[in-house]
Number of protein chains: 2
Amino acid sequence: MSRRMKLDLSIILQKATEIADEQGLDQLSIGLLAEKLEVRPPSLYNHLDGLHELKQKLAIQGVKKLHEYMLQAAVGRSSDDAIRAISKAYLQLVREHPGLYDASTRFPDANDKELQQAQESVVQLVLQVLDAYHLQEEIAIHMVRGLRSILHGFSSIEQIGGFGMPLDINKSFSILINTFIEGIHAVMDNEDKYMQMNEAGE
Amino acid sequence: MSRRMKLDLSIILQKATEIADEQGLDQLSIGLLAEKLEVRPPSLYNHLDGLHELKQKLAIQGVKKLHEYMLQAAVGRSSDDAIRAISKAYLQLVREHPGLYDASTRFPDANDKELQQAQESVVQLVLQVLDAYHLQEEIAIHMVRGLRSILHGFSSIEQIGGFGMPLDINKSFSILINTFIEGIHAVMDNEDKYMQMNEAGE
DNA sequence: TTGCGAAAACTAATCGTATTAGTTAAAATA
DNA sequence: TATTTTAACTAATACGATTAGTTTTCGCAA
């Protein structure tokens with residue numbers, strides 16, 4: 001059996017994803033990855049430029065997969081239902097691919113074109129979902145930021161095991177999303193008040 | 001001039017905090033820290049057990065400082081005002097001590113007693129603030145988790161430069177907090193509905 | 001089928017960072 | 001002043017990423 005037979009970029013990324021998801025992004029090293037691929041560490045440099053580039057690629061994969069999940073969840077739904085669905089999809093992605101997601105929030109190079117584009121597509125998706133509320137454009141963008149904060153915050157706290165108390169975490173999530181949705185409706189009814197709001201928020 | 005004159009744990013922590021806040025937690029290394037303290041790297045091991053322990057101590061400091069900020073903000077305020085105040089304090093802590101905060105969310109040892117206690121005091125503070133709404137105890141805990149998610153999510157996305165669009169970030173924050181507050185009021189008026197909510201959130 | 005050139009593996013070496021071992025000097029104390 | 005302790009130091013080790021240089025394998029054209 002020849003020693004040649006495998007190893008291309010997609011196989012490397014796949015194994016790297018496995019390691020990151022199962023053992024945590026910090027455990028992902030050139031050495032461990034090479035070992036799992038039954039290759040010597042330097043061999044990997046024939047396919048990629050180094051650990052940083054690898055993590056960057058994982059980050060991009062993570063955001064793309066997040067978009068996929070959310071897109072699937074959004075089709076056929078609108079307004080409140082759509083928000084609940086994409087939120088659940090977001091959390092599901094993080095639970096299924098914690099390492100990939102972690103990479104996507106700790107990317108080495110935030111100026112990467114492909115990464116930015118993938119991120120933008122998520123933003124656009126959420127904006128589309130929010131269209132149903134007919135918010136002023138500026139308010140809609142603030143709401144996208146808000147929902148993203150909620151989803152990222154909840155997911156990452158869950159990942160680090162930050163919810164100590166023994167209380168159903170899925171219920172916490174549902175209530176949080178529903179509370180936010182209730183808030184959107186309230187803001188909808190008073191948009192002008194919020195548009196004039198000064199930095200103090202009063 | 002004796003070579004003896006400085007260096008105790010608090011001085012080390014102070015300098016480490018400086019480095020982490022100014023250059024990022026990942027830049028904090030035994031080597032750099034030793035250099036800034038004008039000491040050889042091994043000398044630091046007379047005062048601490050290694051880089052992991054150092055980061056753990058920073059994490060604890062971070063949570064304690066977060067509690068301080070929020071406590072100060074909460075005195076003399078109640079309900080909506082109090083929520084706005086502690087939220088702003090949270091964001092302020094993260095902006096002033098990004099490295100410390102980062103450590104507090106990426107600690108090596110989540111089972112550390114002192115760390116857990118510091119975290120618990122933050123939770124208790126928020127619970128106290130939420131007392132004003134007379135929510136059922138379980139709902140109150142869900143709300144604590146929700147607010148924490150919002151604050152952590154927003155702060156960390158801001159820190160990684162994740163808010164791309166040129167739109168006032170402070171305003172996004174105010175709107176987010178106010179939207180959540182509106183949501184709390186709506187949930188208050190329909191607590192039973194939310195208590196029965198199934199995992200699907202419907 | 002054979003032999004050439006490219007691709008991709010390998011070994012060996014280098015570098016940076018954390019850490020440990022063992023030594024020594026300074027400070028505290030008796 | 002002599003002794004003990006503390007905390008610095010130098011030297012050495014370990015490990016991970018990476019680079020240099022070499023060799024093997026594969027696809028393809030003569």
Side-chain angles (χ1 to χ4, degrees), chain A residues 1-61 99-100 102-103 106-109 112, chain B residues 1-61 99-100 102-103 106-109 112:
Chain A
M1 238 29 51
S2 69
R3 86 191 189 216
R4 188 78 56 93
M5 216 171 128
K6 17 177 174 179
L7 220 52
D8 65 15
L9 186 56
S10 83
I11 292 178
I12 293 178
L13 286 181
Q14 187 183 314
K15 188 61 79 176
T17 299
E18 246 176 74
I19 295 174
D21 284 341
E22 288 168 12
Q23 310 197 30
L25 185 62
D26 291 330
Q27 295 309 304
L28 175 62
S29 67
I30 293 290
L32 178 59
L33 181 55
E35 186 183 314
K36 298 268 184 194
L37 291 167
E38 297 179 304
V39 166
R40 302 293 166 166
S43 304
L44 298 178
Y45 289 81
N46 287 315
H47 303 277
L48 45 84
D49 268 356
L51 189 58
H52 285 306
E53 184 183 301
L54 176 61
K55 288 185 177 173
Q56 183 78 18
K57 287 188 190 302
L58 290 187
I60 293 166
Q61 277 216 322
L100 224 46
D102 202 11
R106 286 168 55 192
F107 36 78
D109 176 13
D112 183 294
Chain B
M1 231 34 48
S2 70
R3 86 191 191 212
R4 187 75 56 94
M5 216 171 130
K6 20 173 167 182
L7 220 51
D8 65 16
L9 185 57
S10 81
I11 291 178
I12 293 178
L13 286 181
Q14 187 183 314
K15 186 62 77 176
T17 299
E18 245 175 75
I19 293 174
D21 284 340
E22 288 168 11
Q23 309 196 33
L25 184 62
D26 291 330
Q27 294 308 303
L28 176 62
S29 68
I30 294 289
L32 178 59
L33 181 55
E35 185 184 315
K36 298 267 184 194
L37 292 167
E38 296 178 305
V39 167
R40 302 292 167 165
S43 304
L44 297 178
Y45 288 80
N46 287 315
H47 303 276
L48 45 84
D49 269 355
L51 189 57
H52 285 306
E53 184 182 301
L54 176 61
K55 288 184 177 173
Q56 183 80 17
K57 287 190 188 300
L58 289 187
I60 293 166
Q61 277 217 322
L100 223 47
D102 203 12
R106 288 168 54 191
F107 37 79
D109 176 12
D112 183 294

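Residue numbering restarts at 1 for every chain, and letters A, B, ... go by the order of the sequence lines.
In this structure a side-chain-to-backbone donor-acceptor pair under 3.5 Å is missing from B:Gln61 to B:Leu100.
The structure places CG of B:Leu28 at 7.5 Å from CG of B:Leu32, a figure rounded to the nearest 0.5 Å. Rounding to the nearest 0.5 Å places CG of B:Leu44 at 10.5 Å from CG of B:Leu9. With values rounded to the nearest 0.5 angstrom, B:Glu35 atom CD is found 13.0 Å from B:Ile30 atom CD1.
When the C1' atom of C:dT17 is taken as reference, atom CG of B:Leu32 falls 12 Å away, rounded to whole Å. The separation between A:Leu37 atom CG and C:dA8 atom P is 15 Å, rounded to whole Å. When rounded to the nearest whole Å, the span between CG of B:Asp49 and C1' of C:dT20 equals 12 Å. One atom, CD of B:Glu35, and another, P of C:dG16, lie 13 Å apart when rounded to the nearest Å. Put simply, CD1 on A:Ile12 is 8 Å from P on C:dA9, counting in whole angstrom units. Between the P atom of D:dA8 and the CG atom of B:Leu33 lies a distance of 12 Å, rounded to the nearest Å. Note: CD1 (A:Ile11) to P (C:dA8) measures 12 Å, nearest angstrom. Separating the OH atom of A:Tyr45 from the P atom of C:dA12 is a distance of 19 Å, rounded to the nearest angstrom.
Distances were taken from every side-chain heavy atom of A:His47 (C-beta onward) to each of D:dT19, C:dA9, D:dC9; the shortest belongs to C:dA9.
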**Study point:** Footprint string (nucleotides 10-16 of chain D, 5' to 3'): B base within contact, S backbone only, - free, heavy atoms under 4.0 Å
**Key:** BB----S
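Within the 4.0 Å cut-off from OP1 or OP2 of D:dT18, not a single side-chain nitrogen or oxygen of A:His52 is found.
Listed by first and then second residue, the salt bridge (charged side-chain N to carboxylate O under 4.0 Å, His left out) pairs that reach into residues 47-56 of chain B are B:Glu53-B:Lys57, sequence neighbours excluded. Residue pairs that meet the salt bridge (charged side-chain N to carboxylate O under 4.0 Å, His left out) test with at least one member in residues 36-46 of chain A, sequence neighbours left out, are A:Lys6-A:Glu38.
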Practice item. Might you work through the salt bridge (charged side-chain N to carboxylate O under 4.0 Å, His left out) test for B:Asp102 and A:Arg106, ending with a clear yes or no? Key: CA-CA 12 Å; B:Asp102 203 12; A:Arg106 286 168 55 192; over 6 Å; no
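Judged by distance alone, with hydrogens and angles left aside, A:Asn46 brings no side-chain donor or acceptor close enough to the base of C:dA7 to form a pair under 3.5 Å.
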